[in-house]
Amino acid sequence: MGDPRRIVIVGSGLAGATAAGTLRDKGYSGQVLLLGQEQHRPYELPALSKGILLGDTNEPDWVHDEATYADQDIELRLSTVISELRPDTREVVEADGTTHPFDRLLLATGSQPRRPVMTGVHLDGVHLLRTLDDARTLRAELLAGRRVVIVGAGWIGCEVAAAARRNGCEVTVVEPLPLPLYRLLGDTIAAVFRDVHAEEGVTWKLGVGVFGFTGDGRVSGVSLDDGSELPADVTVVAVGAAPRVELAHSAGLELAGAVTSGGVDVNACLRTTAPDVYAAGDIAAHFHPRYGRRVRVEHWANAKDQGAHVAGNLVGGAEPYTASPYFFSDQYDLGLEFRGIADPLADDLVVRGDLAAREFTAFWVRGDEVQATLNVNMWDDGDVLSALVEGDTRVDRTKLADGDLASLLG
Ligand SMILES: Cc1cc2nc3c(=O)[nH]c(=O)nc-3n(C[C@H](O)[C@H](O)[C@H](O)COP(=O)(O)OP(=O)(O)OC[C@H]3O[C@@H](n4cnc5c(N)ncnc54)[C@H](O)[C@@H]3O)c2cc1C
């Protein structure tokens, strides 16, 4: 096929909207149709668990100005749910039967928060957090003095806990693992986060799971596996997200296995197993040359970078996507960046800086290679850290801990 005349993008989140804008930036002059279930124009998610919950702002960061869509001739159709993909006839279909033909398709349907099957999970006052409307609704509930129980101590659970404390709520976080962020950071670094939240007044219930929610119409308590019950005015379920692969699956596209917790199988150029269908962002499980396996990344930078990258491939390029994962978070006065992929429960930890002062960089090292880094309230070495996780540098661990980092790059 020559230049596609019509590119359709399903999913008007960060990956989809970035792809649409980049197509125009690259001079693509065919039709661009961006279809999204949301009623709001494309926005970024990080502020939803930070600035919006804190009440600092009621607006997210919008991916593009409102005028951009008309100015760049991007046809944006909101409140539009695509219910079927027909790869053979190259069209996507809305629930009412409206079809949209495409020459090339980008699937960028993102993730949805997991809602565990348990008693009372549909009661009023049991919140999930994914959309702008979710965040605004939750913000209105996080009033001073309210008892807030958060289920799950991953990144979103921890950020919600921080915002709720800053709003003056009484906050308890329940997590079946021994520490918050345990699998992501390992015990030494995870303990730093446990202690920061405890100092800020969060009550931890670690090593115990949630059995269900109680209440009459509205939640009033959370039952734990150990038989105890926590009183609650508001609860937030933050137990991870699942990629929205229904369209790809029912169309017969290959899905990735358990290592990437699902996702749509794409090659290094982000193309699915259907010709002319690509995927980017949270749903894409792509073959990563550095890791020699598929990876699926649920982070802001990945959605933005893959959205931009895939635009070139949608119009005929065949460039592999090779960026390493990058993630950021803010909790209280603590800001952090995480780069790379590590197994913190198996890799060796090297710490530079001061854990107690919460100004440090953690390195996860395997042999003499850095797999991942976490810088907390230290901002000067970002380029070096990226080079360390992306390159083939052999490292001297003593220099990582206390030496000139840049000199490691040779
Ligand atoms: C509360 C929150 C805070 C976060 N904070 C951070 C952070 O601090 N740092 C960080 O690195 N990452 C953060 N993330 C993760 C990051 O924002 C996501 O990885 C990123 O937004 C994924 O972008 P995406 O375009 O793949 O998916 P999404 O942003 O989820 O967009 C997908 C879009 O597709 C639409 N859609 C799905 N199915 C259909 C369909 N069938 N028809 C039409 N439309 C459909 C959805 O409605 C949605 O709008 C956060 C995520 C959340 C939820």
Side-chain angles (χ1 to χ4, degrees), residues 8-20 33-53 60-63 76-85 92-95 98 100 105-114 127-136 138-139 152 154-160 162-163 184 236-251 263-264 270 279-286 296-308 310 325-331 335-339:
V8 173
I9 300 170
V10 179
S12 60
L14 181 56
T18 302
L33 175 60
L34 177 57
L35 302 164
Q37 176 175 357
E38 276 279 338
Q39 56 167 318
H40 306 285
R41 78 175 193 272
Y43 57 88
E44 302 184 2
L45 304 183
L48 273 48
S49 49
K50 306 174 189 68
I52 290 181
L53 290 190
D61 293 316
W62 303 100
V63 182
L76 174 62
R77 291 207 195 177
L78 299 173
S79 305
T80 301
V81 180
I82 296 301
S83 54
E84 192 185 347
L85 158 61
V92 290
V93 189
E94 294 180 42
T98 307
H100 303 281
L105 176 72
L106 174 63
L107 292 174
T109 47
S111 308
Q112 63 194 350
R114 293 183 197 275
H127 294 264
L128 300 176
L129 179 56
R130 182 76 196 180
T131 67
L132 178 55
D133 294 344
D134 292 341
R136 287 174 173 165
L138 178 58
R139 167 69 188 104
W155 294 117
I156 291 187
C158 286
E159 290 181 0
V160 173
L184 302 166
V236 182
V237 178
V239 295
R244 298 185 64 176
V245 296
E246 315 85 70
L247 281 178
H249 181 54
S250 55
V264 178
L270 307 178
D282 277 12
I283 61 161
H286 72 287
R296 189 175 71 76
V297 179
E298 292 180 359
H299 297 338
W300 173 90
N302 179 72
K304 191 172 169 63
D305 295 348
Q306 284 194 349
V310 78
Y326 166 89
F327 172 79
F328 64 91
S329 175
D330 294 306
Q331 298 164 34
L336 66 88
E337 296 175 310
F338 189 100
R339 292 174 169 83

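None of these values were measured; they are calculated from a predicted model. Along the sequence shown, residues carry numbers from 1. When a ligand or atom number is given, it counts from 1 through the structure's own listing order.
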ask   = Is the W155 ring parallel, tilted or perpendicular to the F327 ring (thresholds 30°, 60°)?
value = tilted
ask   = After noting the C-alpha distance and the side-chain angles of D61 and R41, does the key distance pass the salt bridge (Lys or Arg N to Asp or Glu O under 4.0 Å) rule?
value = CA-CA 11 Å; D61 293 316; R41 78 175 193 272; over 6 Å; no
ask   = Is the distance between the ring centroids of W300 and Y326 under 6.0 Å?
value = no
task = Could you tell me whether the side chain of H299 reaches within less than 4.5 Å of the side chain of F338, counting heavy atoms only?
result = no
remark   = Across all chains, not counting sequence neighbours, the ring-ring contact (aromatic ring centres under 6.0 Å, His included) partners of H100 are none
remark   = Of L106, L105, L107, the one forming a side chain to side chain contact (heavy atoms under 4.5 Å, CB included) with V8 is L105
inquiry  = Distance under 4.0 Å, heavy atoms only, partner ligand 1: which residues pass?
reply    = V10, G11, S12, G13, L14, A15, G36, Q37, E38, L45, P46, L48, S49, K50, T80, V81, I82, A108, T109, G110, S111, L129, R130, I156, E159, R244, L247, G281, D282, E298, H299, W300, A303, F327, F328
